[in-house]
Structures are given as structure tokens and as C-alpha cells.
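Notes follow the structure.
Just so it is clear: chains get the letters A, B, ... in the order the sequence lines come, proteins before strands, and each one is counted from 1. Excluded from the calculations below are hydrogen atoms, water molecules and symmetry mates; all remaining heavy atoms, backbone and side chain alike, are included. Please read these numbers as outputs of a predicted model, since none were measured by experiment.
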Amino acid sequence: MDSYDIPESTSSRLKDHFIGATPLQKRLESVRKLTSFVPPSPQRKIPQCSQLQEDVDPQKVAFLLHKQWTLYSLTPLYKFSYTNLREYSKFLSAFIVAEKQKGLAVEVGEDLNIKVIFSTLLGMKGTQRDPDAFLVQILSKSHLPSENREGKVLWTGWFCCIFGDNLLETVSEDFTCLPLFLANGAETNTALIGTWFQKTFDCHFSPLAINAFNLSWMAAMWTACRMDHYVATTEFLWSVPCGPQSLDIAYAIHSEDAKALWDSVHKAPGEVTQEEVDLFMDCLCSHFHRHFKIHLSATRLVRVSTSVASAHTNGKIKILCHKYLIGVLAYLTELAIFQIE
Amino acid sequence: MDEIVAEFVKRTILKIPMAEMTTILKAWDFLSENQLQTINFRKRKESLVHDLVMLCEEKHASVNDAALLDIIYTQFHQHQKIWDVFQMTKEPGEDIDLFDMKQFKSSFKKILQRALKNVSVTFRDTEENAVWIRIAWGTQYKKPNQYKPTYVVYYSQTPYVFISSSRLRSSIPLLGQALTVASKHHRIVKMDFRSRYLDSLKAIVFKQYNQTFETHNASTPLQERNLELDINMDSRIIHENIIEKDRVQRVTQEIFGAYPQPRLEFAQYKLETKFKSDLNRGILAERKEPLRCLVKFSSPNLLEALKSLAPAGIADAPLSPLLTCIPQKRMNYFKIKDK
């Protein structure tokens, strides 16, 4: 069984984060080496998520929580430079205003008095090798009595890379790898920003869909996280698009009970295996089947929600807990990298 | 017409979609034929509404007239409200008096007016010995709020009342009391049954849902028809599969019938049951506490969707009684515990 090479500079703290060969990383490697795909064996593991890196200031990232983000995967940016953020702000502002004036993406009464700000998000990374995450915001400049007052934020997007070593290894110096892009705000603005980035850095955005397999992993991993208190129930949403009428089945379980079920299923300390994820989901489905005689496994899992985060198959997520923010982003980065490859 | 009434009339007429304007105004029967003929219904809505309000002014429309229009609008747009079902019971041994609609209405109104100085009550009779009641709630000191009324539909020959869900929870006990006393019942109980589709609730509560079945294929037994279809579509289906498919169809039909299902949008189950593993792996074996779950099924037509699950292979046939009992029990909210 292969093991993942940990860079020597990694501190012992990082052992607690997502290291080790996940099923996806294995798949990635075999694709790159053009070997045939080996199905993940039950011994593939990823560690449970635990404490946040101390560099990230919880206050600074609070605005990332409790917001719905639409996910995209992003191919590496060509000749992007962190020293040019001011220029990028100016160019992007001008581009957006020009496009809106062309009438291509204007809503009635839309405010054209906007300003774009690029800023780096310090500490939002897995290893030191990960590039710095950065944030792009569109602010409304109107109703500002003075230059000092910040305008209202109309749109936010951020680019990050958490434990992206797999991708970093494959690209040259000219490229900056930030495979995970998260957007909040009007779709029209997302499209404009996307167009500008694609033109300027020769990159490509792709909506990141999350399939049922990964949703199950997320549900299991997030249920496994130790929480001081639960802010939400653990909830699953299945969709049955059968027959003449569609049917949605929402199955919520008290978070303490979900944790108890997980603890009963979980064997190896500090790690999560495919077998455990499958068993966890099987138990939930069999409990359901006992009452309703419906095979949830024959339907489509579309959404999972826990006190840590919630994710929908259409690529929309919400992160509720800053303690496990990096952990959640690491898994999403993996999915993004897998989609790019 | 004072300002408040004028505003109420205007806002009520404004709600009505243009396509339904003449129908609803005719049903209202407040403005005369002559008056309606003076109106140009092809105008822009704002200006049309203005003209109609002027006509109402001429005829000195009252709060009650406007309230009646509101009832008619709601009757045309029942699906905009969520309806709860309540059941009234009499004391055992009580005489079954002959129901007197006039006396019921007067008694109902008096009870509410005695309790709250300010309340508007409006009645509209409909077929099947039913009455629609609109109540606008006020307090001792405040005039009734005409924009948050409660609607009650009472089928006088039955103990059932349908009440529109409202956020004014404090009014429910008084409303219940007025209904029971005025209709000479003893108790009123809220059933765990709720939907936007009043006619479906009615069909299930009055067990009328099996009366709509009739297609030109009725003469051919269902099994034969399905067998033919299956064989034509896939001749590779082996004998056992046909038997099983047939069994599933038959069982499903026995439970759901061959008629269109009454329309419900959801069913909710609060489960507090222990986890029992078929796999015998001892999972949660020591845990005495049950798992607390909340399951909600949603669909544009829940019963039709449930009906299609077994034939699609997603559920076993017969389907769980927790689901199939919905029409019989007249419930779509359940609390399930281990015995």
C-alpha cells in the first residue's frame, strides 16, 4: 500500500489534518501514471479533522461562515502575481463597468458605481507550499459620505488551495494553482468575474458538482468531528425522480444520535475508512427501511447537512463551524483537483 | 365609505387576477349588471380597479360586502392557504339536534363578539350544507385587522371543520370554543392532517376519493393489460419476473386503488425508535435510547408518488403501513415510538 510523502517542513501539528492517500488521490495518481484504475480497498484512510491552524484568525474568516457558496473548479492561473493585486482591482472594475454599460448584464436600476477589491486571505492553506488564498469583492460605492466608509458588499468570490500538492507537483513556475473557487452573490457577477479571469490568466472555471459518493463521505467525516455543541440537526435529502411525480425524502436525525451511531461504527482511531462510511450510511438506510420499506440506496442522495457544514449535489455549500473550516476546504480542494484532471 | 373600508375594498379587488375579474365580480353580485356594463374591462388594472372602487362607493359598500368579496376570492384561490382539519365530538348520549344554520351563525357571531369587542364575521353558504366563515380579528381596543383573516369551512352535516392556518395562534382556542358551542358539540380536536388542497382533504376525510375512478380500460383486468405491455417491451423477462411484477402491481392497486389519488403535498413522521440492525453486527446494541429522527416526504402529489415506488423497484410491496394509512387515518403528521 502506497503512502503519501509528507514534506519534511510539515510540523507535527499538520499530521492531524488531512494527510494520507484518500481514494481520490489514489485515483489521481493512477490516472496520471496511465495505469488502470484500482478500486479503493477498505484500508484506504483519511484522518479525522481536528484543530484549525493557529494562523487563521477566526474573526477574519467569520464572514466566510453561514453563507451559501457556489463551488467551481479552476485550472491553474498563468502568470498571476500577488504583487499586482492593485492593478487587477482596477482592470476588473473597469471591465465590469464596461460590460454592464454595454447592457449585457444589467438589471433594472442596477448600480454601476462599483469598485472591485482583491485581497489575500492569510493562513487559508493546508501546507506552506499551498499558494495564498485570495478574495475578490465587488462593493457598491454609492451612498458613501466619505472615502473611508466601506461600501456594501455585492458579490464575494475567493480562490484557495488546501493541501493541493498533487496539482502543485504537475505544473511549472508560471502557474498559480488555486483549484477551488467559491462564489456568493448574483450569478451575472460571477459570470463577469469568470470571463475576466479566463481572458486574463488563460484558465477555465467549471461548476463543481458533488456526487452521492462524496456526499456520503462528507456526512460521515463531519459527523465524526468532535463538537462542543451542535447547532443543527444532521439531515439528508434524497430525491426520487420516478414516475409521474417527483418525491423528496428529508431524513433528519438528532446530531447526538448520529454521533452515537458513528461512534458505534467507527473502529480505527483517528482515521475514516470506506468501510465505515458505507456501514454508517447502510445503518441509516436500514433504519429507514425498517419503518417505510423504501430502499434509499435506490434513490439519489442530493444533500447532506451537519453542524459542521452542509453540501448540495449542485455544488452549493455552507460552512457553519470555523473549527473545521480547513478540513472542509481540504476535501473540496480534492474534489476540485479531481475534476480538473 | 370611510377611508379604511375604501382601502380594504381596493386592496381586495386588486388581488383578483384580470382573467378572473368578471367571474368573481359576478359571483359577488354586489355591483349590478348595469353598473358592470359601464366598466371597460380592457383597461390597465390600476385604472380598472379605481373605477370599480368608485362604483362600490356609489353603492355604499360596507366592510361586510368587502369581506364577502374576500371570501369569494379565497374560494377561487384555496391553494394559497394551508388548511388544518379539526374534528368535533358530542358527549356520548347527547341528543342529535336538527342543525339550524341560522341559529348556528347567530350563536357563533355572538360568542366571538362577546369575547372580543372588535371582530368581523362574514358568512357565505355553499353547496353540501357547508358554510365559509371569514373572521377578521381585533381586540378590545383595536379594530379588526382585515388583512390577516382566518377562514373556516364547516360542513354542517359532519363533525369536520377546515381552518386556514394562521400565525395568530391565540385566536384558535376562542375559535374552537365558538364553533363547538354554536354547533352544539362538546369538544374540538385538531387532527394531524394538513394540506393546501382543501378538496383533497375533504375527499380523504369524507372518504370520497374512490368515487372518481372510471376509464375506458376498466373492462380489462389490470394484470392482463400489464402483462401484455411487459411482454411486448422486453421478451427477455423470464417467468418469475413477470409473476413478481404482477404481484407488485396487484398489491399496489389493492392499497391505492386504480383511481387518481387525492392530492397531498407532504407527510411528516417524528420517529423515536430504537435502532435494530439486521446485519447482527451489534451496532448500537448497548444503547437504550431510541434514535430521534424526523422524516418528511414531499411531492407535488404525494400519494401518486408513493404509489409508483413499488412498481419502480424502489420500495417493497406492500408499502409500509405508515405510508399507506394516510388516507384511512386522515393524518399526515405522525409520532412513532417503540411499543
### Query
Is there side-chain contact between T273(B) and H287(A), with heavy atoms separated by less than 4.5 Å?
yes
### Any side-chain heavy-atom pair of I294(A) and F297(B) under 4.5 Å
yes
### Query
Hey, which of T233(A), I253(A), D257(A) is the one that makes side-chain contact (heavy atoms from CB on, under 4.5 Å) with R292(B)?
D257(A)
Rounded to the nearest 0.5 Å, what separation is found between the [atom1] atom of [X] and the [atom2] atom of [Y]?
{"X": "L284(A)", "Y": "C293(B)", "atom1": "CG", "atom2": "SG", "answer": "7.5 Å"}
{"X": "E289(B)", "Y": "E256(A)", "atom1": "CD", "atom2": "CD", "answer": "10.0 Å"}
{"X": "F288(A)", "Y": "L271(B)", "atom1": "CZ", "atom2": "CG", "answer": "8.5 Å"}
{"X": "Q245(A)", "Y": "R263(B)", "atom1": "CD", "atom2": "CZ", "answer": "7.0 Å"}
{"X": "I314(B)", "Y": "L247(A)", "atom1": "CD1", "atom2": "CG", "answer": "8.5 Å"}

### Contact leader toward chain A among L323(B), I336(B), L302(B), where contacts are heavy-atom pairs under 4.5 Å
L323(B)
### Query
Which of the residues P290(B), P300(B), S298(B) is involved in the greatest number of heavy-atom pairs with chain A at under 4.5 angstrom?
S298(B)
Check [X] against [Y] and note the closest heavy-atom contact, atom names and distance.
{"X": "H295(A)", "Y": "G313(B)", "value": "CD2-O, 4.4 Å"}
{"X": "L319(B)", "Y": "F292(A)", "value": "CD1-O, 4.2 Å"}
{"X": "S299(B)", "Y": "S246(A)", "value": "OG-O, 2.6 Å"}

### H77(B) NE2: over 12 foreign heavy atoms closer than 6.0 Å
yes
### Task
Name the region of F236(A), side chain, backbone, both or neither, that has any atom closer than 4.5 Å to a heavy atom of chain B.
neither
### Query
Between H254(A) and L294(B), is a side-chain contact (heavy atoms from CB on, under 4.5 Å) present by the stated rule, with each step listed?
CA-CA 8 Å; H254(A) 195 287; L294(B) 189 68; over 6 Å; no
### Check: K293(A) main-chain N/O paired with S320(B) side-chain donor or acceptor under 3.5 Å
no
By a 4.5 Å heavy-atom criterion (distance strictly below it), what part of [X] contacts chain A: side chain, backbone, both, or neither?
{"X": "Y269(B)", "result": "side chain"}
{"X": "K307(B)", "result": "neither"}
{"X": "L291(B)", "result": "both"}
{"X": "P311(B)", "result": "neither"}
{"X": "T324(B)", "result": "neither"}

### Query
Given the rule in the side-chain contact (heavy atoms from CB on, under 4.5 Å) test, do D316(B) and H289(A) qualify, once you have shown the distances and angles that lead to the verdict?
CA-CA 9 Å; D316(B) 301 336; H289(A) 182 268; 2.9 Å; yes
